[in-house]
Amino acid sequence: MDNNHYARILNEIAALSQIKGVNRFKIRAYENAARTVENLTEPIDARIEDDTVEDIKGIGKSIAEDLREIHETGTCTVHTELLSELDPGLLDLLEIQGLGPKRIKAIYEELGVCDLPSMKEAAESGEIQKLSGLGKKTEQKILAEIERLERHAGRTPLPQARRTALSIRDRLAKLDAVDRIEIAGSIRRGRETIGDIDVLVTTDDPQAVTDAFVSLTDVAEVLVSGETKTSVRLVGGIQVDLRVVDEDLFGSALHYFTGSKEHHIELRTRAKRAGLKISEYGVFKTDDDETLVASKTEEDIYAALDLPYIPPEIREGHGEIEAAEEGRLPDLIEMSDVRGDLHMHTTETDGRASILEMAQAAKELGWSYIAITDHSQAVTVANGMTPERFEAHIEAIKKANDEIDDFTILSGIEVDILKDGSLDMDHDLLAAADWVVASVHSYFNMETDKMTERLLAAIETGLICEMGHPTGRMLGGRDGYTYDMDAVLEAALEHGVAMELNGSTGRLDFNAENARRAQSRGLKLVLGSDAHSTQGLSAIEYAVQQARRGWLTADDVLNTLPVDELLKSVRPKH
DNA sequence: GCCGTTTTCGGCCCGACTGTTTTCAGTCG
């Protein structure tokens, strides 16, 4: 069973327990355990079977028992009892901003409201405002929130949220009153989907900045406005929080507003033991009259806690603080480590630039090589290449090399993995090409076993360098196809196939968790832009960011190698 | 429910803002 299945049940136990009103630390224990399971690089099934599940930090006797029960039956008593006591529809109500577990419980008990439709009905008929502690305003907010949830559910994909954030940043940066402005929050950490945008500003005129912020043309509604914190909702539905801080406190504020919550909880617990207190205003001593120890930079904050700097991308409460303590923090890959890009398209199929244009643009970005990887014929909508066209394309790529200095253009292809696992191209042509990306573009809904067989067959041809966008998921769109990931990773390792971390803005596939899982098995990753235009090449930044979230170093990534070493590192039997 | 360089019991991050209240609980990040 997939780790996510276990995590989902633990999360539901936490959410339902909140509404039931149990001890909040017990709830946190379930949340922590869910997060731990989600981010485990090995199958939880294996830990249950060899009876080591209780050795995992954050999983004790009781939750271990729950996990064993889920392993055997698919669910556990704690979960089923909560579901029979309460109503599963209540989980949706937690999505309503401004309503927490206490109020939901009260409304549930007083009015029998058990899901979004009954909440809407109760609010529309004015029943909510009659309850003690609730009033007309809360009732109106609930209605507005339900309407918003009906219109626009879920989180925003990172690239889209980042564009919005940068636009807001640039507009506010023009104000005289703004000294320094920075995007913090989950965008800075590079989470693949974004709940809201956090903007941090230093100024000597907070009122002027706040006024300008709420007057931005795309602000639909002001949610909160205080001295240091203002929140708005944009026309598109996304929430933006603006925080105004003193210059001297910039480091501690940036650290605080970057999160994650879990990272902070762990860090603050650690600080407390050392007689320190952390808030957005700095690190303070708790024993005397609260002396300020650090606040100017994030480096200062970590130094005050006797820790090395922890990069934003891994501040997720996934063991990074423990690793920092023990000097085990990975030296995360950086943009400057990347030497080339191994996944892109040209006008030969569905790209918008020629071979040479792509090469020149890549050279300007600082790369020393690229692979041109146009589609094979199965992708008819992309004008995929027949064997004849591919053969000619290989020649054209070789020729283009003569027209650019100090740069290598590898001949390649993104060959389709057909329904039966065979490759959509003559094998001798694949063998003749420098770089072969193999990808699935059809029949996404195959059964898990069939899809596993399909991918294994493709890997076992021995002709593949790299598995392209390995799960096929679209960010904020379709889910990835399902297969036995462990079996596929094992085969890829055996046949010298790297897994791609595709940075194109609609995908980010592999995601960070899968990349870390592959890396922990000894597999290499490749960062690819999947560019269809010269501008598209910059998507590699997203791939780097996700790689950092997956704790990858330059050594884990093949396209940090010089081109000759790169080519030696794949297709060993070839 | 989990955990231990103050601990096997007694803790478990910290502050801002709002609405409904007359001093603060609830929610959020």
Side-chain angles (χ1 to χ4, degrees), chain A residues 10 13-14 17-19 21-36 54-67 78 93-107 128-142 145 184-186 189 191 194-200 210 222-231 239-245 249 252-253 255-284 286-287 290 305-306 317 321-322 325:
Chain A
L10 294 178
I13 292 173
S17 301
Q18 277 190 61
I19 296 169
V22 310
N23 178 316
R24 66 198 169 102
F25 300 109
K26 186 170 166 181
I27 292 160
R28 186 184 297 165
Y30 272 102
E31 285 170 345
N32 282 341
R35 203 158 35 85
T36 302
E54 254 177 80
D55 300 342
I56 302 170
K57 203 175 163 217
I59 295 176
K61 220 174 182 137
S62 171
I63 292 182
E65 192 48 47
D66 295 339
L67 292 174
V78 187
L93 299 180
L94 286 167
E95 298 297 313
I96 298 174
Q97 291 270 318
L99 272 195
K102 296 238 168 68
R103 284 172 177 166
I104 290 173
K105 188 184 186 211
I107 297 170
I128 303 283
Q129 58 173 297
K130 291 180 190 161
L131 301 178
S132 88
L134 297 163
K136 204 164 187 160
K137 270 195 164 166
T138 308
E139 190 172 75
Q140 287 309 310
K141 272 180 80 172
I142 290 171
E145 267 292 296
S186 47
R189 300 201 314 279
R191 267 198 72 172
I194 302 299
D196 53 28
I197 296 171
D198 290 293
V199 185
L200 188 61
T210 303
V222 179
L223 302 171
V224 169
S225 192
E227 266 180 60
T228 62
K229 173 181 165 174
T230 300
S231 297
Q239 183 178 326
V240 187
D241 299 339
L242 177 80
R243 326 280 180 144
V244 179
V245 302
L249 305 180
S252 46
H255 182 255
Y256 174 67
F257 296 125
T258 297
S260 67
K261 189 176 90 179
E262 290 76 17
H263 180 78
H264 283 305
I265 290 176
E266 215 179 314
L267 205 62
R268 288 170 180 198
T269 306
R270 182 196 150 87
K272 206 169 179 176
R273 281 203 303 267
L276 297 166
K277 183 187 76 170
I278 312 173
S279 76
E280 55 264 58
Y281 302 112
V283 181
F284 300 87
T286 42
D287 52 357
E290 306 244 312
L305 301 163
D306 201 21
I321 295 170
E322 209 180 332
E325 266 173 43

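Chain naming here is simple, since letters A, B, ... match the order of the sequence lines and numbering starts at 1 in each. Atom set for the values below is all heavy atoms of this structure, side chains included, hydrogens, waters and symmetry mates excluded.
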Quiz item: What string of B, S and - do you get for nucleotides 20-29 of chain B, 5' to 3', when a contact is any protein heavy atom under 4.0 Å?
Solution: SS----SSSB
Quiz item: Quick one: on DNA chain B, does A/Tyr30 or A/Lys277 contact a more 5' nucleotide (nearest heavy atom)?
Solution: A/Tyr30
Exercise. Figure out the CD/P separation between A/Glu227 and B/dC17, and round it to whole Å.
Key: 7 Å
Quiz prompt | Separation of B/dG19 P from A/Ile142 CD1 (nearest whole Å) | solution = 13 Å
Practice problem: For A/Lys272 and B/dC14, give me the distance from atom NZ to atom C1', rounded to whole Å. | Solution: 9 Å
Exercise. Specify whether A/His264 and A/Tyr256 have parallel, tilted or perpendicular ring planes, treating 30° as the upper limit for parallel and 60° as the lower limit for perpendicular.
Key: tilted
Practice problem: State the CZ-CD1 distance between A/Arg103 and A/Ile96, to the nearest 0.5 angstrom. | Solution: 12.0 Å
Quiz item: Would one find a side-chain N or O of A/Tyr281 under 4.0 angstrom from OP1 or OP2 of B/dA16?
Solution: yes
Quiz prompt | Euclidean distance for P, B/dC28 against B/dT20 (whole angstrom) | solution = 15 Å
Quiz item: For A/Glu266, which contact category applies under a 4.0 Å heavy-atom criterion: base, sugar-phosphate, or nothing?
Solution: nothing
Practice problem: May I ask you to evaluate whether A/Lys61 reaches the phosphate of B/dG1, defined as a side-chain N or O under 4.0 Å from OP1 or OP2? | Solution: no
Quiz item: Across all strands, who's sitting opposite B/dG10 as a Watson-Crick or G-U wobble pair, both distances under 3.5 Å?
Solution: B/dC3
Self-check item: Short side-chain N/O contact to B/dG1 OP1/OP2 from A/Ser62, under 4.0 Å
Solution: yes
Exercise. Determine the interatomic distance between P on B/dT5 and the same-named atom on B/dG1; round to the nearest Å.
Key: 23 Å
Practice problem: Using the C1' atom on both, measure B/dG29 against B/dT23 and round to a whole Å. | Solution: 24 Å
Exercise. Could you say whether A/Arg24 or A/Ile63 is positioned toward the 5' end of DNA chain B, judged by the nucleotide with the nearest heavy atom to each?
Key: A/Ile63
Quiz item: Can you tell me how far CG of A/Asn23 sits from CZ of A/Arg28, rounded to the nearest 0.5 angstrom?
Solution: 10.0 Å
Quiz item: What is the distance, rounded to the nearest whole Å, between atom CZ of A/Arg273 and atom C1' of B/dG10?
Solution: 15 Å
Practice problem: Work out which heavy atom in A/Glu54 is nearest to a heavy atom in A/Ala64; give both atom names and the distance. | Solution: CG-CB, 3.4 Å
Quiz item: What's the NE2-P distance between A/His264 and B/dC12, to the nearest Å?
Solution: 19 Å
Quiz item: When you compare B/dC12 with B/dT22, how far apart are their C1' atoms, in angstrom units rounded to a whole number?
Solution: 32 Å
Quiz item: If the C1' atom of B/dG4 is compared with that of B/dG19, how far apart are they to the nearest Å?
Solution: 41 Å
Quiz item: Looking at the angle O4'-C1'-N9-C4 for a purine or O4'-C1'-N1-C2 for a pyrimidine, is B/dT7 syn or anti, with syn meaning within 90° of 0?
Solution: syn
Exercise. Please state the C1' separation for the pair B/dG11 and B/dA16 - nearest whole angstrom.
Key: 25 Å
Self-check item: Length of the line joining A/Ile321:CD1 and B/dC13:P, which is rounded to integer Å
Solution: 12 Å
Practice problem: Look only at the side chain of A/Arg35 and the backbone of A/Glu262, and say whether a donor-acceptor pair between them is shorter than 3.5 Å. | Solution: no
Exercise. Take atom CG of A/Leu305 and atom C1' of B/dC13, then tell me their distance rounded to the nearest Å.
Key: 13 Å
Quiz item: Just wondering, more than 12 heavy atoms not from A/Glu325 lying within 6.0 Å of its CD?
Solution: yes
Exercise. Please tell me which of the listed nucleotides, B/dC12, B/dC14, B/dC2, lies nearest to the side chain of A/Thr269?
Key: B/dC12
Exercise. Take the protein atom CD of A/Glu262 and the nucleotide atom C1' of B/dC12, then report the distance between them rounded to whole Å.
Key: 15 Å
Practice problem: Working to the nearest 0.5 Å, report the span between CZ of A/Arg243 and OG1 of A/Thr230. | Solution: 9.5 Å
Quiz item: Looking for any heavy atom pair under 4.0 Å, which part of the strands does A/Ile278 touch: base, sugar-phosphate only, or nothing?
Solution: sugar-phosphate
Quiz item: Picking from A/Ile128, A/Leu134, A/Leu93, what satisfies side-chain contact (heavy atoms from CB on, under 4.5 Å) with A/Ile142?
Solution: A/Ile128
Quiz prompt | Spacing of the C1' atoms in B/dT7 and B/dC3 (rounded, Å) | solution = 9 Å
Practice problem: With rounding to the nearest 0.5 Å, note down the distance linking CG in A/Leu94 to CD1 in A/Ile104. | Solution: 4.0 Å
